[in-house]
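Fair warning: this is a prediction, and the values are worked out from it, not measured in the lab. Lettering follows sequence order; numbering is per chain, from 1.
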Amino acid sequence: MTTVSENRAPSVSPWREKLGKLSVRQSIGLMIITVLIVLGILAPYLGLSDPNQSSLDILQRASASHWFGTDALGRDVFSRVIHGIRVSVLIGFGVGVLGTVLGVPIGLIAGYARGTIDLFILQIIDLFVALPALILALIITAIVGSTAINIALVLGFVMWPQMARLVRGQVIFIRESVYVEAARALGGSPGWIIRQHILPNAIRLVVAQFSITVAFGIFSSASLSFLGLGVPPPTPDWGTMVREGVQFLAFSPLMSIAPGAAVTLTVLGFYLLGSKDD
Amino acid sequence: MLSHITRRILLMIPNVIAMTFLLFATVSSFLGSPAAAMLGQEASLEEIAALNKQYGFDRPIIVQYLDWIAHALRGDFGRSYTSQQSVADALLPTIPVTLELSLWAILLAVVATVLFNSVPFARRVVQPITTTLAVIGITIPNFMLGICLIFIFAVKLRWLPTTGWVPWSAGVGAHLSHIILPVVTLAANYFGSFTLVYREEYKAAYRRLFIKVARAKGLSETRVSLVHALPNAILPVVTYVGLSLGPLVGGAVVTEMVFSMPGVGRLFVGAIGAHDFPVMLAIGILVIFGVMVANLVSDIVYTSINRQVSLG
Amino acid sequence: MTESTVKSYPMPVTGGSPSDGETLLDLRNLSVSYHMAGQQVRAVRNVDINLKSGEVVALVGESGSGKSTIGHALMGLLRYEDKVAVSGTALLRCKDGVTRDLFAISDREMKRVRGNDISIVFQEPMSSLNPLHSIGHQITEALLAHRKLRRNEARERVLYYLRRLGIPNPEQCMARYPHQLSGGMRQRVMIAMALCCESKLLVADEATTALDATVQAQIIDLLKSLQAETGMAILFITHDLGVVSEMADRAIVLYAGQIVETAATRDLFDTPHMPYTRALLEAIPRLGSSQMKGYELRGIPGRAPSAFERVDGCSFNPRCAYATEACRATMPELDMAKREHLVRCLRWKELQLGGCDEFAAARR
């Protein structure tokens, strides 16, 4: 029992502590994502029917042999939904990685340099945030062609500013903190200060923002493919499946609602992992 | 204040020019020769060159861009490659549809956000539900929510028509019954993100001294909340509404596709499918311009109110 | 009841003197604790305050001594804070003749008491007003919370109070927004707001601290004359003993959430028994005479313990020049030095602290 509590001094090796524990929300998100990724990886070994194998059993309703029914080409919808995890999550990660690779250095530069460089970068960030990202993505994807890599590149390109803004804010906040001042007084070079003090603090937020970027990467790529700019057939792609299934909504609702629900669940998982409790 | 507005406008002009030029340049250089697209694969090089000359596609991009702007300012956005209709003629009737959809959606999202998050009773009892709804609203893609609503209210319950669009002139009831599901679909995202922003602002407003003063007067908690905290919390949402217009346009495009509404979005998606260059360009540039102007307006509104309020 | 109060407009004249000596507020054994960072923090410890109607009592202490917390607890404002526990009783004789325990009544009942039987004026006039509503709206709102009045009646009454508080062009002022007024004007508005329902008890929570010296003097004069006119009691929360000497009949000195000395103001200034009180008296800035005598403005060495820290023995001992081993070991009880003069100090009998001979001078 201590009677007087004081704030603990900044830890010497802050990396592990800064990452912290997961909240309830984040745990739920992590659970969803883990299940999805495991299913996605194991998809070929689960004994599902070939997702791209057409058959004569077209447009069947849900049944014991076809849990979600079959589509207009007689392909098993359930198998296609499970296999669709792969391309969606891969594109999502692609968007997240590109958004991070672009956003983090730009944010670090803006936050650390301040002055004119900061103002210039902030101007660009504000511009991007306000722009209709989906419209841009539609145009660019239409031009460059909708392969999985292109979609990830395009969406990553329109989504880096949030990451940059977050990192910039974090850097500015931390660089004002006392112990950075202390480190500078002790003669640390700017690079050393960034590695030792700024990065560990920011990394937790960056990880969260990465997860959010993945969520909205999946969200947007599904929207693109719903609008007809999905990965080329026959790769199972959720947005495209919804697009194709909508016309049979009254007859076989699972054909469009199941892939739609898969998108929502995946987005939800990554969003929960990256969001804070309120 | 005036200097602030001037500065904002001066800052906006190069942004608009840069963005529209970039868009123009990307579209024209990547799509290859639009003449080739118009003539089809059989066309000979001579034919393409002739058409390029006829339309002026052989000039430098910057000249083409200025030419385009000069025509656009006179209301001439060129002709659609596919329908040969003038772009303005194709575009004009779609604008009111999209505007109406967007305005209703913003209104619904703001009203729902404020209602669900302000009334003290709602905050205590409904808070977990609101949080869940907000998270779902943020994460559910428009097309998914749209088809779910169609499935429930049109297919199963048969209360509302599935898709399509009926103008006001065909009757208020018919019009509203067609627009209600699209509006809810588009509003859901914004309900989610507005809720997050509004809650933070509301909490901040609640920590301010005038809230204690209002309580000390003997006002009811509902009145403290609605008359004192709410107006102060809603101001920042104004800015946020302005900032979220860009994403809103994207949501509107998807929503219009789900519900087959004859709006700008559906025209745009059609143009993209057909590589209809002038239509894409006109819509892209108009949307960017519109969103930037709306941003500017919301910024000016916010700054002017805020200055009055905090600095004076 | 409500009707008769309305008819008493413009203002009931009950005379100034601490009239009948009838108890208005009887606060007993008030303790307030916060839950912070996983621990229980006691901001106020076993405080008793007795207030007669028409009496002006000063609650004196440094920031963090818990003086404002007492005011907020009385107003029932702590009910809305999470993680705050209030214990004790606060019996207030309300205008309807009923005596209520402010800590026991329901939120609904408390709402009727607030602003009607007990009012508060806060320290920062700049942030006390809602920037989005006009002055008129905000005062009228306070009035209408407790009185059923027609629009023009309410308006007349608000105008009366604005005029009474020396606000030029009251009609114009009502249409103004807070940012258009100076700090002094805003504080006048806040006082008008607190008075408009004729509360019998006004809590002035550092009400003049944020104002500059001239305005501060005006507001104090105003409060004095209003007090004399309406006969309301004032609990004057302040850290400024200069103001205490001008305003208060009685002073209560608070340190680290505890009462350490209480006496009639005159008595406290003449013969302080607690070294902390003495130190506070020395810290009063003085003009003129004191400079010529080579008087030095002395602060109190050290700082008050934060609510997290627990000091063994007398909570003032780490800063006290007279502290002994005994002071570090035992917490002294409140001792009666003479009638109505209580002191919490083990050594008060042996210490001859000497008073503040400039009381009269400070009184202006």
Side-chain angles (χ1 to χ4, degrees), chain B residues 1 4 110 114 117-125 127-128 131 198-239 301-312, chain C residues 68 71-72 74-82 107-133 137-147 176-182 186 189-190 193-197 199 202-203 205 210:
Chain B
M1 188 62 221
H4 175 77
V110 171
V114 171
N117 294 291
S118 309
V119 184
F121 164 78
R123 271 191 304 130
R124 273 198 302 274
V125 180
Q127 175 126 0
T131 307
Y198 183 73
R199 266 193 196 164
E200 286 303 309
E201 293 300 334
Y202 193 82
K203 276 188 213 156
Y206 241 95
R207 280 191 291 268
R208 293 173 66 178
L209 184 58
F210 59 74
I211 294 292
K212 281 186 186 164
V213 172
R215 282 187 185 132
K217 290 176 191 175
L219 302 182
S220 71
E221 207 48 21
T222 310
R223 194 178 159 93
V224 171
S225 171
L226 295 183
V227 176
H228 290 278
L230 188 155
N232 283 282
I234 209 162
L235 266 180
V237 180
V238 172
T239 329
V301 167
Y302 178 74
T303 325
S304 59
I305 299 175
N306 203 39
R307 292 210 165 185
Q308 278 231 326
V309 163
S310 53
L311 301 174
Chain C
S68 286
H72 290 199
L74 282 175
M75 290 301 297
L77 293 175
L78 300 181
R79 291 165 182 245
Y80 299 96
E81 309 283 328
D82 296 332
D107 286 357
R108 210 186 169 75
E109 229 175 325
M110 188 69 220
K111 180 174 81 75
R112 277 196 293 260
V113 171
R114 260 190 227 124
N116 194 20
D117 293 296
I118 174 169
S119 297
I120 188 165
V121 178
F122 290 98
Q123 177 176 2
E124 299 105 19
M126 307 313 266
S127 49
S128 288
L129 287 158
N130 189 329
L132 296 180
H133 296 302
H137 171 98
Q138 297 191 54
I139 306 179
T140 314
E141 184 184 51
L143 187 59
L144 293 182
H146 304 287
R147 301 277 186 282
R176 288 266 164 92
Y177 284 82
H179 69 268
Q180 294 169 307
L181 301 185
S182 68
R186 289 191 215 187
V189 167
M190 293 311 296
M193 198 184 285
L195 296 185
C196 69
C197 289
S199 294
L202 176 71
V203 178
D205 182 6

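For C/Asn130 against B/Val227, the heavy-atom pair with the smallest separation is ND2-O, 4.1 Å. Nearest heavy-atom pair, C/His133 versus B/Pro231, reported as atom, atom and distance to 0.1 Å: NE2-CG, 4.4 Å. Residue B/Ala216 comes nearest to C/Ile120 through the heavy atom pair CB-CG2, 3.4 Å, listed as atom of the first residue, atom of the second, then distance. B/Gly218 approaches C/Lys111 most closely through the heavy-atom pair O-CG, 3.1 Å.
Judged by distance alone, the side chain of B/Lys217 and the main-chain N or O of C/Gln138 form a donor-acceptor pair under 3.5 Å.
Considering only heavy atoms from C-beta on, B/Glu221 stays 4.5 Å or farther from C/Asp107 through its side chain.
Considering only heavy-atom pairs separated by less than 4.5 Å from chain B, the leading option among C/Arg108, C/Glu124, C/Met110 is C/Glu124. Most heavy-atom pairs under 4.5 Å with chain B: of the set C/Leu129, C/Val203, C/Leu144, this distinction falls to C/Leu129. Looking only at heavy-atom pairs under 4.5 Å with chain B, the residue among C/Leu77, C/Ile118, C/Val113, C/Val121 that has the most is C/Leu77. Interface remark: of the candidates C/Ala142, C/Cys196, C/Ser128, C/Ser119, C/Ser128 forms the most heavy-atom pairs closer than 4.5 Å to chain B.
Only the side chain of C/Met190 comes within contact range of chain B, judged by heavy atoms closer than 4.5 Å. Heavy atoms of C/Asn116 lying under 4.5 Å from chain B are absent altogether. The part of C/Phe122 that comes within reach of chain B is its side chain, from C-beta onward, which places non-hydrogen atoms under 4.5 angstrom from that chain.
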| task | Could you give me the CA-CA distance, side-chain angles and deciding distance for B/Lys212 and C/His72, then say whether side chain to side chain contact (heavy atoms under 4.5 Å, CB included) is met? | result | CA-CA 9 Å; B/Lys212 281 186 186 164; C/His72 290 199; 3.6 Å; yes

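Counting only residues at least two apart or in different chains, salt bridge (Lys or Arg N to Asp or Glu O under 4.0 Å) contacts with residues 222-234 of chain B comprise B/Arg223-C/Glu141.
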